[in-house]
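Worksheet: the structure to be examined is printed underneath.
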Amino acid sequence: MGKKPAKSGQRPRNRAGGGAPTPAPAPRRKPRATWPYVLVMLGGWGLIFAGLFFSHFLASLPDVRNLMVSGPSQDVTILDDRGRQIARRGLTQGLMVRAEDLPDYVSGAFIAIEDRRFRSHLGIDPIGLARAAFQNMKAGHVVQGGSTLTQQLAKNLFLGPSRTFDRKVQEAMLALYLESRYSKNQILTLYLNRIYFGAGVYGIEAAAEKFFGKHASELGLTEAAIIAGSVKAPARYNPLSDSDAGLARAQIVLKAMQSAGFIDENTRSLAQATRPRIVRANGTPGSGWFTDWIMAHLEEIVGPSAEPVIVDTSFDLETQALAERAVTQGLGDEGEGFHASQAALVAMTPDGAIRAMVGGRNYGGSGFNRATDAVRQPGSAFKPFVYLTALEHGHTLEETVNDGPVDIHGWKPEDFEGHFKGAIPLIQAFAESSNSVAAQLTAEMGPKEVARTARRLGIASPLAEVSSLALGTSGVTPLELTGAYAPFANGGNSARPFGVLRVKTRSGKILYERKPASTRGVMSANDNMQMTRLLQQVTATGTGKAARLEERPTAGKTGTTQDFHDAWFVGFTADLVCGVWIGNDNNAPMLKATGGTLPAHIFHVFMTDAEQGLPVRPLAGATLMASTEQPDADQTPAAPADEKSKPDALQKLLNGLFGGT
């Protein structure tokens, strides 16, 4: 019989297995599509890497939550003794003003010249970027920038000047964030109040006050155009740097404003014909040294102030101009011959009020103040403290001393001329600046006593209490050495150098007012009289003859250090005390420059000019000498007085002359 075909759905039997059914093969499944999963995975990883990439920039972005708070600034106007403005400092940022509180043309000037689509873009302007790229490519170099006002704000507020890829990404991200965080008016307000305008000022309020002496809300159209134009290159276009360049740049701004529809042609023409008055300080080129000195010490007097302050000083601009001219002329005529490249001059009244301060050859070339900060050896200009100590220990001017070889523990000082004079009066030893006699006196009294005398008169720098102190081997500044000579000029009273008389707010509130110093005697009347004789002898017959003024009593002392590194003359009249130093910043030796040469010449030229028109008066010590002379035969002899103390009447007279109480 034939086999029956298997029924549908039955498995065939296994022949080998004696009739067991054979399993049917499984049907083939269609393969699944995997590309969506790959895309999802790539997208996920892409988001992770993008997150890591942008987190690198986000982590370094600054906090922008408190930008609308006005930044710190201290506006300080410094006036001389006649109320003339010397300088205006510290005005780095004015009070914050809102963009909507300013005339429309102020905001319009900035938008027209810097970012015409400011009101429509989201912080980055693709059209502006494309235009700038095309113009730059066409010119072959950078002629336009594509940064928006928001990007400029981000860059100036938070980022450095580098042009790295990181910084450009940060700038763009900050711009987008600022646009999402603040309104357009707020961003414009931030921009106007934080951007740099040159001359050390940030913000439109500070710029308006600095350049034009008015509030930002009072700016005229041309003034607004000048300020807006300075943003491109603040150092070049700010009106204090170059008023002509600033005005030329303003013409471009005005044309841009007309093109953008902010002003019409007639308004532009009127503005272009206007030349605003620019506020300039009356200070001389070198007044910056005194201004820097005042600013450095102002916080010690009144502390920081959010309100603008006015500082009245003892400075005199005319005296300063004479001082600068004397230094410039002296270095120009003789500096090269002596191999001297720098000089310093300080002038003050006998009570310590600073009248002029020259800190170097040229303030523009170097703002370092050699008058207040250069510590140099005074040489023989230190000897007055040695001789005052000697007088206080019983020595007299007429006694005979030996100007000869001396050996002090192996130290053998020599005189400048290279030879000794033998037995001479003490007054001659001082006038001719005997090193031997000064060393002997110091050895006798002890360097410690000499140092104590110098400190009592005003020397503040550390003094090495060694034998060579006699020859001025411990460094001092020109300011403190000149101040230490003031007691010789004022009758023997202490005199600490000062410059600030009064500090007040713009509204008139007095923050500080200098009270008359409670003077104290730092030497006796008799010792002051003897020191005046010594110092006058220097200019009469000694090493300082070149400093003597015609028909006006003059006293002082020369100073020259070993190998001619420094040369000094410090002296005084009845009206002024003046110290002059010359040398080199690198301490290179000069060519035989002594205190009696160029320093004495500068002193003579300056003091002759500064004393013009002043009555001739005797020195304070000379007044004492006259008052202690023996009375005529027909006069009643005065009661004997202790030579070491001033009579009460004379003390009152001197205090009245020199501001004592």
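Computed from heavy atoms alone, side chains included, the values below leave out hydrogens, waters and symmetry copies. Throughout, numbering of the chain's residues begins at 1 and tracks the sequence. In this text the structure is predicted, and so the values were computed from the model without any measurement.
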*Val500 and Arg514: side-chain contact (heavy atoms from CB on, under 4.5 Å), yes or no, with the steps?*
CA-CA 7 Å; Val500 177; Arg514 188 178 188 276; over 6 Å; no
*Separation of Arg88 CZ from Thr291 OG1 (nearest 0.5 Å)*: 13.5 Å
*asked:* Could you report the tightest heavy-atom contact between Ala323 and Leu345, atom names first, then the distance?
replied: CB-CD2, 3.8 Å
*Locate the shortest heavy-atom distance separating Ala610 from Leu576; write the atom from each residue and the value.*
CB-CD1, 3.9 Å
_Show the nearest heavy-atom pair for residues Val450 and Val386, with the distance to one decimal._
CG1-CG2, 3.8 Å
*asked:* I want to check something: taking the side chain as every heavy atom from C-beta on, are Asn493 and Pro487 in contact at a cut-off of under 4.5 Å?
replied: no
*Min side-chain heavy-atom separation Arg552-Met607 under 4.5 Å*: no
*Name all residues meeting the ring pair (Phe, Tyr, Trp, His ring centres under 6.0 Å) criterion together with His339; count only those two or more places apart in sequence or in a different chain, and write none if there are none.*
none
*Just checking, is any N or O donor in the side chain of Gln537 or Thr541 under 3.5 Å from an acceptor N or O on the other one?*
yes
*Leu388 side, atom CG; Arg456 side, atom CZ - distance, nearest 0.5 Å*: 6.0 Å
Donor-acceptor contacts under 3.5 Å from residues 587-595 side chains, at least two apart:
from	atom 1	to	atom 2	distance (Å)
Asn587	OD1	Arg376	NH2	2.9
Thr594	OG1	Gly596	N	3.4

*Do Phe382 and Leu469 come close enough that some side-chain heavy atom pair is under 4.5 Å?*
yes
*Does atom CZ of Arg496 have more than 12 heavy-atom neighbours from other groups under 6.0 Å away?*
no
_Asn435 side chain to Glu414 backbone, donor-acceptor under 3.5 Å_ = yes
*asked:* Between Thr319 (side chain only) and Ala356 (backbone N and O only), is there a donor and an acceptor less than 3.5 Å apart?
replied: no
_Gln342 side chain to Gly359 backbone, donor-acceptor under 3.5 Å_ = no
*asked:* Could you tell me if the side chain of Ser287 sits less than 4.5 Å from the side chain of Leu317, heavy atoms only?
replied: yes
*How far apart are the closest heavy atoms of Gly544 and Phe569, and which atoms are they?*
CA-CE1, 4.1 Å
*No-hydrogen, no-angle side-chain donor-acceptor test under 3.5 Å, His395 and Glu444*: yes
*Search all heavy atoms of Gly288 against all heavy atoms of Tyr363 and return the closest pair with its distance.*
C-CE1, 3.5 Å
*asked:* Looking at His409, I'd like to know if its NE2 atom is crowded, meaning that more than 12 non-hydrogen atoms belonging to other residues, nucleotides or ligands lie closer than 6.0 Å.
replied: no
_Rounded to the nearest 0.5 Å, what separates atom CG in Asp527 from atom CG in Leu391?_
5.5 Å
_Side chains of Asp403 and Gln428 in contact at under 4.5 Å (non-hydrogen atoms)_ = no
*So, Lys383 versus Ser433: side-chain donor-acceptor pair below 3.5 Å or not?*
yes
*asked:* If only side-chain N and O atoms count, and only distance matters, is there a donor-acceptor pair under 3.5 Å linking Gln377 with His565?
replied: no
*Look at atom NZ of Lys421 and say whether more than 12 heavy atoms of other residues, nucleotides or ligands are closer to it than 6.0 Å.*
yes
*Donor-acceptor contact below 3.5 Å, side chain Asn584 vs main chain Ser341*: yes
*Going by distance alone, is a donor N or O of one side chain under 3.5 Å from an acceptor N or O of the other, for Trp293 and Asn369?*
no
*Can you list the steps and then say if Arg617 with Asp575 is a side-chain contact (heavy atoms from CB on, under 4.5 Å)?*
CA-CA 8 Å; Arg617 296 192 295 135; Asp575 305 294; 3.0 Å; yes
*Step-by-step side-chain contact (heavy atoms from CB on, under 4.5 Å) determination, Val76 to Met295*: CA-CA 8 Å; Val76 180; Met295 290 298 295; 3.9 Å; yes
*Is there a side-chain contact between Phe430 and Leu535, using heavy atoms and a 4.5 Å cut-off?*
yes
*Are a donor atom and an acceptor atom from the side chains of Thr389 and Thr453 found within less than 3.5 Å of each other?*
yes
*Kindly indicate, with the supporting measurements, whether the criterion side-chain contact (heavy atoms from CB on, under 4.5 Å) is fulfilled by Val358 and Trp289.*
CA-CA 7 Å; Val358 180; Trp289 283 302; 4.0 Å; yes
*Thr349 and Asp351 side chains, donor-acceptor separation under 3.5 Å*: yes
_Side-chain heavy-atom pair Leu79, Thr313 within 4.5 angstrom cut-off_ = no
*Just wondering, do Leu534 and Val538 contact through their side chains at under 4.5 Å, heavy atoms?*
no
*Does Thr554 offer a backbone N or O that forms a donor-acceptor pair with the side chain of Thr539 under 3.5 Å?*
yes
*Could you state the interatomic distance from CD1 (Ile602) to CG (Asp333), rounded to the nearest 0.5 Å?*
9.5 Å
*Under-4.0 Å salt bridge between Arg361 and Asp585*: no
*Any chance the side chains of Glu334 and Thr597 put a donor and an acceptor closer than 3.5 Å?*
no
_Going by the rule ring pair (Phe, Tyr, Trp, His ring centres under 6.0 Å), which residues pair with Phe488 if we only count those two or more places apart in sequence or in a different chain?_
Tyr485
*Side-chain donor or acceptor of Thr284 paired with backbone N/O of Ala321 under 3.5 Å*: no
_Short side-chain donor-acceptor distance under 3.5 Å, Tyr512 and Asp312_ = no
_Pairs satisfying side chain to side chain donor-acceptor pair (under 3.5 Å), at least one member in residues 459-475, at least two apart_ = Arg455-Glu465, Ser461-Glu480, Ser468-Thr473
*Taking all non-hydrogen atoms of both residues, which atom of Val346 and which atom of Ala371 are closest, and how far apart?*
CG2-CB, 3.6 Å
*More than 12 foreign heavy atoms under 6.0 Å from CD of Gln562: is that the case here?*
no
*N/O donor-acceptor pair under 3.5 Å between Thr400 side chain and Ala423 backbone*: no
*CD (Glu399) with more than 12 external heavy atoms under 6.0 Å*: yes
_Expected output: side-chain His604 to main-chain Arg548 donor-acceptor under 3.5 Å_ = yes
*Side chains of Asp81 and Ser314: donor-acceptor distance under 3.5 Å anywhere?*
no
*Would Arg82 and Glu318 pass as an ion pair if we require N to O under 4.0 Å?*
yes
_Checking Gln320 now: which residues fulfil side-chain hydrogen bond (donor to acceptor under 3.5 Å, both in side chains) with it, not counting sequence neighbours?_
Glu324
_CZ-NZ distance between Arg89 and Lys210, expressed to the nearest 0.5 angstrom_ = 7.5 Å
*Residues in ring pair (Phe, Tyr, Trp, His ring centres under 6.0 Å) contact with Phe315, at least two apart in sequence or another chain*: Phe290
*Just how far is it from atom SG of Cys578 to atom CD of Glu611, taken to the nearest 0.5 Å?*
10.0 Å
